[in-house]
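All remarks here apply to the structure that follows.
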Amino acid sequence: MTRLIEVSHWGNIAVEETIDLKHCGAVLKGPFSRYDYQRQPDSGISSVKSFKTILPAAAQDVYYRDDIGNISTSHLVVLDDSVEMEVRPRFPLFGGWKTHYVIGYNLPSYEYLYNFGDQYALKMRFMDHVFDDQVIDDLTVKLILPEGARNIHLDTPYRINRQADELHYTYLDTFGRPVITAHKSNLVEQHIQDIVIHYTFNKVLMLQEPLLVVGAFYILFFTVIIYVRLDFSITKDPAAEARMKVASITEQVLTLVNKRLGLYRHFEEAVNKYKQSRDIGTLNSGRKTLETEHRGLSSDIASLQSKLKAEGSDLAEKVAEIQKLDCQVKDLALKASQEAERLVAGKVKKDAYIENDKHLSSKRQDLVSRIDAILDTL
């Protein structure tokens with residue numbers, strides 16, 4: 001029998017028992033017929049059809065399987081102080097027959113693991129109840145402690161043979177988990193007693209696995225970012241480079257055109273302030289800002305238009321169309337400011353001004369919509 005106990009400081013203790021069971025009664029003579037065995041209830045009196053295994057009361061996620069797979073012919077009964085499992089092998093056991101199976105379950109660590117600071121003590125049974133009046137010829141217990149456990153000491157109620165410690169590697173382990181291996185022969189039910197494993201464990205090491213996961217994803221994403229941004233091609237593609245250059249120039253044109261359209265909005269605000277305050281300085285300042293910044297932006301756009309034309313792109317013609325429409329927008333904006341001056345000076349009636357301003361605003365909005373439509377096609 002091999003008993004494997006894996007301790008996790010994340011709240012779980014996994015126990016798995018691998019059992020090689022032999023019926024040491026009188027050896028069966030002659031052939032065996034399952035048909036006759038099932039047809040005659042009194043046949044095979046010395047055979048073992050099933051037996052009860054007692055598990056700890058906190059046992060959960062219990063499984064029972066062999067080399068073929070899961071064995072469904074078992075029953076689990078949860079009692080107040082234990083979990084009783086009826087184990088039914090795939091075939092009845094006669095004298096001299098053997099069977100091999102595995103039973104596993106999980107336990108909450110808070111019932112078996114105690115600590116004071118970095119000092120930990122695990123108190124568990126060295127062996128469990130397999131069946132009534134059991135005799136275990138050979139038992140090997142392997143205790144897998146968390147990675148980083150040190151100063152390991154074992155307290156046992158009777159003499160056992162402790163073998164050399166090993167290392168066990170599982171997911172996200174770096175330098176391995178210590179494995180304490182103990183061996184004893186010829187055990188009976190009276191040997192079902194607790195052993196205590198003392199060890200030291202730094203709680204900071206619990207962050208090791210989450211940090212490894214975070215670091216792995218960080219390296220993965222960083223590698224993807226580098227890969228998609230670098231050009232690993234041996235030869236250059238002139239057409240692709242030209243497309244990239246045209247796209248870059250177009251992006252600059254879009255930015256400058258939108259910025260230039262924003263100048264008209266600011267100028268319109270200056271005109272509205274002038275109408276309220278009748279301060280000619282406000283209007284002149286707004287007109288000067290419009291002229292200065294508009295001249296610089298138009299010059300930059302014209303320069304980019306020349307670059308597009310040099311690249312042989314048909315987008316240069318669309319930029320030229322935007323330039324023409326923008327000149328009309330500017331003229332309408334300046335004409336609107338002149339009408340505002342006439343209104344403030346009393347040279348035009350308010351009703352006539354409102355009508356003219358509405359007409360100019362409608363034409364300007366129509367031109368801006370045409371410019372936006374061209375921008376959408378760039």
Side-chain angles (χ1 to χ4, degrees), residues 1-22 24 53-59 82 98 100-131 133-206 208-209:
M1 174 178 174
T2 300
R3 180 173 165 87
L4 182 66
I5 303 173
E6 185 172 356
V7 182
S8 170
H9 280 202
W10 291 100
N12 186 69
I13 298 175
V15 180
E16 184 176 89
E17 296 177 346
T18 303
I19 300 173
D20 290 302
L21 187 64
K22 180 180 180 182
C24 294
T53 293
I54 300 177
L55 306 178
S82 64
K98 300 178 181 179
H100 171 87
Y101 65 92
V102 176
I103 289 180
Y105 52 90
N106 292 321
L107 297 170
S109 61
Y110 68 85
E111 294 191 8
Y112 300 90
L113 186 62
Y114 310 90
N115 79 294
F116 181 76
D118 289 343
Q119 303 297 320
Y120 287 82
L122 176 67
K123 186 178 181 180
M124 291 196 69
R125 290 180 178 178
F126 185 69
M127 56 175 284
D128 259 331
H129 178 279
V130 180
F131 55 85
D133 301 323
Q134 65 187 15
V135 176
I136 300 178
D137 294 334
D138 187 77
L139 172 64
T140 300
V141 177
K142 293 186 176 182
L143 293 158
I144 303 177
L145 300 178
E147 189 176 32
R150 52 191 176 83
N151 302 327
I152 302 169
H153 174 67
L154 209 61
D155 289 337
T156 59
Y158 39 79
R159 186 183 297 275
I160 62 173
N161 179 22
R162 178 175 173 180
Q163 300 176 359
D165 294 348
E166 304 172 355
L167 289 177
H168 175 75
Y169 294 89
T170 184
Y171 303 107
L172 302 177
D173 288 341
T174 53
F175 46 87
R177 305 185 182 191
V179 180
I180 311 303
T181 305
H183 177 267
K184 189 170 179 60
S185 301
N186 301 321
L187 296 103
V188 293
E189 288 187 355
Q190 285 72 23
H191 287 96
I192 302 178
Q193 299 183 38
D194 292 332
I195 61 172
V196 182
I197 303 94
H198 301 273
Y199 61 92
T200 303
F201 180 78
N202 190 347
K203 295 181 180 179
V204 177
L205 293 176
M206 293 184 66
Q208 175 179 326
E209 293 183 359

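Source: prediction; values computed, not measured. Just the heavy atoms: all of them, side chains too, but no hydrogens, waters or symmetry mates, feed the values below.
Asp128 places a side-chain heavy atom less than 4.5 Å from the side chain of Pro56. With a 4.5 Å cut-off on side-chain heavy atoms, Val141 and Leu139 count as touching. Side-chain atoms of Leu107 and Met124, non-hydrogen and from C-beta on, do get closer than 4.5 Å to each other.
For Glu166 against Lys142, the heavy-atom pair with the smallest separation is OE1-NZ, 4.4 Å. Nearest heavy-atom pair across Glu147 and Asp173 is OE1-OD1, 3.5 Å. Asp165 and Arg162 make their closest contact through OD2-NH2, 3.1 Å (heavy atoms, listed as atom of the first residue, atom of the second, distance). Between Asp20 and His100, the shortest heavy-atom distance links the atoms OD1-ND1, 2.6 Å. Leu205 and Gly148 get closest at one heavy-atom pair: CD1-CA, 3.7 Å. When all heavy atoms of Leu167 and Val179 are compared, the pair lying nearest together is C-CG2, 4.1 Å.
Ring-plane geometry between Phe201 and His9 is classed as perpendicular, the angle between the planes exceeding 60 degrees on a 0 to 90 degree scale with a lower cut at 30.
A distance of 11.0 Å separates OG1 of Thr140 from CG of Leu4, quoted to the nearest 0.5 Å. Of the inter-residue distances, the one linking Leu143 atom CG with Ile5 atom CD1 reads 4.5 Å to the nearest 0.5 angstrom. Taken to the nearest 0.5 Å, the CE atom of Met1 stands 12.5 Å off from the CG atom of Asp137. A distance of 10.0 Å separates CD in Glu6 from CG in Leu145, rounded to the nearest 0.5 Å. Within the model, atoms OH of Tyr105 and CD1 of Ile13 stand 10.0 Å from one another, a figure rounded to the nearest 0.5 Å. Taking CD1 of Ile195 as the reference point, atom CD1 of Ile180 lies at 10.0 Å (rounded to 0.5 Å).
For the residue pair Asp155 and His153, a side-chain donor N or O sits within less than 3.5 Å of a side-chain acceptor on the partner.
Glu189 contributes a side-chain N or O that, together with a main-chain N or O of Asp133, makes up a donor-acceptor pair within less than 3.5 Å.
Every residue two or more places apart in sequence or in another chain that forms a side-chain contact (heavy atoms from CB on, under 4.5 Å) with Tyr158 is listed here: Phe126, Ile160, Lys184, Leu187, His191, Gln193.
Residue pairs meeting the ring-ring contact (aromatic ring centres under 6.0 Å, His included) criterion with at least one member in residues 163-188, sequence neighbours excluded, do not occur.
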